[in-house]
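In what follows, a single structure is set out as structure tokens and then discussed.
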Amino acid sequence: MQNQLKIYNTLTGEKEVFQSILENQVGMYVCGPTVYSDVHLGNCRTFISFDMIYRYLLHLGYKVRYVRNITDAGHLENDADEGEDKISKKARLESLEPMEIVQKYTTGFHEIMAKFNALPPSIEPTATGHIIEQIEIVQEIINKGLAYESNGSVYFDVETYNQENDYGTLSKRKIEDLISGTRDLDGQSEKRSPLDFALWKKASPSHIMRWPSPWSLGFPGWHLECTAMSHKYLGAQFDIHGGGMDLKFPHHECEIAQAKSFTGTNPVNYWMHTNMLTLNGKKMSKSTGNNLLPDELFSGDTTLLEKGFHPMVARFFMMQAHYRSELDFSFEALTASEKGFHKLMQGVKDLELLSTKEASTEDVDGLISSFYAAMNDDFNTPVLIAQLFEAVTIINKVKDGKSSLSKDDLNNLKSTMNALVFDVLGLNYIDVSDDSKLSSAMEIILELRKNARENKNWEISDLIRDKLNEAGIAVKDGKDGTSWSVNS
RNA sequence: GGUCCUGUGGCCGAGUGGCUAGGCAGUGGUCUGCAAAACCAUCUACAGCGGUUCGAAUCCGCUCGGGACCUCCA
């Protein structure tokens with residue numbers, strides 16, 4: 001079953017059977033956030049998608065080294081000579097040290113990812129912690145004649161590289177088209193070609209973040225850190241490199257060119273790209289302001305939402321779409337997912353209480369294979385979830401005595417569903433009744449209401465229910481007594 | 001302008017040649033003092049036009065619409 005996993009590889013444009021370089025081990029690198037402002041939900045979607053991928057690889061029994069960087073060195077705002085890096089710009093705006101900005105938003109990022117129940121990566125290296133490695137790579141590429149110094153900065157020579165390699169294979173671009181597409185750019189006198197990209201940049205006097213190098217007091221180019229850190233922790237060749245679609249070009253294309261120039265081999269076997277989370281049909285973006293922050297989603301403190309949603313609901317919402325599809329964010333869609341999420345979790349909970357019979361009337365083995373068939377087909381979580389809902393229907397039928405399961409089947413279903421729902425999809429129960437004092441108080445109130453109902457004093461019993469509902473506590477009369485829950 | 005992706009029922013969202021996706025909403029039912037919830041059942045699709053094929057949502061062409069990238073962005 002393990003060897004059936006197929007992954008869509010951006011490099012070939014096809015789903016390929018996944019074969020790791022080392023048996024039962026996987027090296028995976030994912031481009032992490034630039035920590036100069038709060039991560040928005042779109043950023044989170046990518047990291048949640050790769051969290052699911054990481055979790056599924058672990059579930060299949062792979063030993064995974066998952067490396068996700070923190071970009072804290074700051075990128076150029078543009079490629080012109082007077083560019084200012086984003087982190088120092090933000091530092092000026094907030095009157096903080098650059099590293100203070102980095103610390104603040106890194107902490108914030110970790111807190112948000114924890115709320116989404118994302119596992120931390122195995123290694124989370126920072127760009128500023130790998131300046132030496134980056135300088136070494138620049139030097140080596142210069143030695144090989146594929147980069148040149150110009151006025152204290154170093155640029156990668158794309159056209160020379162292209163003579164013996166294919167620049168643009170990942171993003172399916174031809175170098176001629178790229179050149180013709182950059183016709184009207186000026187102010188790039190330092191570069192031999194507009195396609196060339198910076199490996200090292202000389203710092204302007206106003207630039208705060210700077211390090212000594214053989215070429216100038218400066219800072220590394222935008223694409224270099226990922227090459228340095230993936231090479232250091234995963235080797236010259238590793239299994240999976242991931243990131244958002246928007247990084248495909250130029251970021252990942254440049255990474256391939258750099259790494260291949262540096263080591264002589266193609267760095268990555270499987271390139272994976274997650275699609276955008278859109279808002280109002282457009283990609284979420286920090287620069288355009290078309291975005292939503294996780295905390296706004298959780299609290300509902302935004303004009304976009306009538307109420308807040310629990311992180312687990314948001315995670316489930318994302319899992320209901322395939323990672324390579326665009327997903328549009330809306331209140332209606334979230335609301336639908338919230339109901340579905342509770343239905344699924346109730347089913348998983350009910351599974352624990354089912355009784356068994358001699359024989360099954362349901363094809364549990366077939367159902368379980370359908371779970372894995374979905375996941376092995378390029379991590380198709382929406383189909384997995386559809387199949388999990390089939391399982392919920394069966395669970396309900398067994399509960400009603402309309403179907404039966406053997407002991408073996410029940411145990412199989414239980415362990416598989418728990419593994420997929422909790423370990424792979426990374427969902428969790430939303431625990432709202434952990435306040436023991438509230439629970440005690442509710443016990444008393446419901447006891448009083450029960451007395452009223454037994455005396456057919458509907459006026460009192462309905463008053464209690466309605467007032468509690470107004471206070472955000474839903475009371476539901478069931479066959480086996482009354483239950484209550486705090487509205488999320 | 002160039003490269004690539006995409007258009008599914010009221011909404012979200014799977015599905016790449018023939019067989020019920022699924023969730024939400026709607027409708028009918030079960031349960032209930034009522035309500036809510038829950039459960040069961042069920043209706044509404046494949047942007048348009050043309051082509052290939054015994055057969056297409058699925059392949060090809062054209063038209064129209066949406067998006068991503070080409071500048072930092074998950």
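We name chains A, B, ... by the order of the sequence lines, and we start the count at 1 in each one.
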Between atom [atom1] in [X] and atom [atom2] in [N], what is the gap in whole Å?
| X | N | atom1 | atom2 | answer |
| --- | --- | --- | --- | --- |
| A:Asp466 | B:A35 | CG | C1' | 8 Å |
| A:Asp477 | B:G33 | CG | C1' | 10 Å |
| A:Ile473 | B:A35 | CD1 | P | 23 Å |
| A:Leu178 | B:U71 | CG | P | 9 Å |
| A:Ile70 | B:C73 | CD1 | P | 15 Å |
| A:Tyr105 | B:A74 | OH | P | 14 Å |
| A:His252 | B:C69 | NE2 | C1' | 13 Å |
| A:Leu463 | B:A35 | CG | C1' | 14 Å |

Is [X] salt-bridged to [Y], cutoff N-O under 4.0 Å?
| X | Y | answer |
| --- | --- | --- |
| A:Lys191 | A:Asp196 | no |
| A:Asp246 | A:Lys283 | yes |
| A:Asp177 | A:Arg173 | no |
| A:Asp462 | A:Arg465 | yes |

Does [N] have OP1 or OP2 under 4.0 Å away from a side-chain N or O of [X]?
| X | N | result |
| --- | --- | --- |
| A:Lys286 | B:A74 | yes |
| A:Ser325 | B:U6 | no |
| A:Asn396 | B:C39 | yes |
| A:Asn275 | B:A74 | no |
| A:Lys402 | B:C40 | no |

Taking Watson-Crick and G-U wobble pairs with both distances under 3.5 Å, convert RNA chain B into its dot-bracket string, 5' to 3', dots for unpaired and | for cross-strand pairs.
(((((((..(((.....[...))).(((((.......)))))....(((((..]....))))))))))))....

In terms of side-chain heavy atoms of [X], which of [options] is nearest?
| X | options | answer |
| --- | --- | --- |
| A:Leu277 | B:C70, B:G33, B:A74 | B:A74 |
| A:Lys283 | B:C69, B:G33, B:G13 | B:C69 |
| A:Phe317 | B:C70, B:C12, B:A74 | B:C12 |
| A:Arg453 | B:C70, B:G67, B:G33 | B:G33 |

To the nearest 0.5 Å, what is the distance between CG on A:Leu344 and CZ on A:Phe316?
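With rounding to 0.5 Å, CG (A:Leu344) is 5.5 Å from CZ (A:Phe316).
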
Record whether the side chain of A:Asp462 comes under 3.5 Å of the base of B:G33 through a donor-acceptor pair of N or O atoms.
yes

Base of B:A36, side chain of A:Arg465 - is there a donor-acceptor contact under 3.5 Å?
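Absent.
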
Distance between the [atom1] atoms of [N] and [M], in whole angstroms?
| N | M | atom1 | value |
| --- | --- | --- | --- |
| B:U63 | B:C69 | P | 25 Å |
| B:G10 | B:A45 | C1' | 12 Å |
| B:G22 | B:A35 | P | 30 Å |
| B:C24 | B:U42 | P | 15 Å |
| B:U44 | B:U52 | C1' | 31 Å |
| B:G51 | B:A57 | P | 15 Å |
| B:A56 | B:C46 | C1' | 11 Å |
| B:A41 | B:G18 | P | 26 Å |

Does [X] reach a base, just sugar-phosphate, or nothing at all? Heavy atoms under 4.0 Å.
| X | value |
| --- | --- |
| A:Asp328 | sugar-phosphate |
| A:Arg173 | base |
| A:Lys174 | nothing |
| A:Leu327 | sugar-phosphate |
| A:Met245 | nothing |
| A:Gly281 | sugar-phosphate |
| A:His40 | base |
| A:Lys172 | sugar-phosphate |

[Y] side chain reached by [X] side chain, heavy atoms, under 4.5 Å:
| X | Y | value |
| --- | --- | --- |
| A:Ile175 | A:Glu159 | yes |
| A:Gln387 | A:Met375 | no |
| A:Tyr29 | A:Asp239 | no |

Counting primed atoms, P, OP1 and OP2 as sugar-phosphate and everything else as base, the B/S/- map of nucleotides 17-25 of chain B against protein heavy atoms under 4.0 Å is ----BSBSS

Take A:Ser330 and A:Ser461, find for each the nucleotide of RNA chain B with the closest heavy atom, and name the residue whose nucleotide sits nearer the 5' end.
A:Ser330

For A:Leu41 and A:Lys282, find the nucleotide of RNA chain B closest to each by heavy atoms; which residue's nucleotide sits nearer the 5' end?
A:Lys282

Kindly confirm or rule out a cation-pi arrangement of [X] over [Y], judged by NZ or CZ under 6.0 Å from the six-membered ring centre and within 45° of its axis?
| X | Y | answer |
| --- | --- | --- |
| A:Lys307 | A:Phe331 | no |
| A:Arg324 | A:Tyr8 | yes |
| A:Lys349 | A:Tyr429 | yes |

Single hit among A:Leu427, A:Leu420, A:Val421 for side-chain contact (heavy atoms from CB on, under 4.5 Å) with A:Val348
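Among A:Leu427, A:Leu420, A:Val421, the one meeting side-chain contact (heavy atoms from CB on, under 4.5 Å) with A:Val348 is A:Val421.
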
Just jot down the ring pair (Phe, Tyr, Trp, His ring centres under 6.0 Å) partners of A:Tyr233, sequence neighbours excluded, or say none.
A:His130

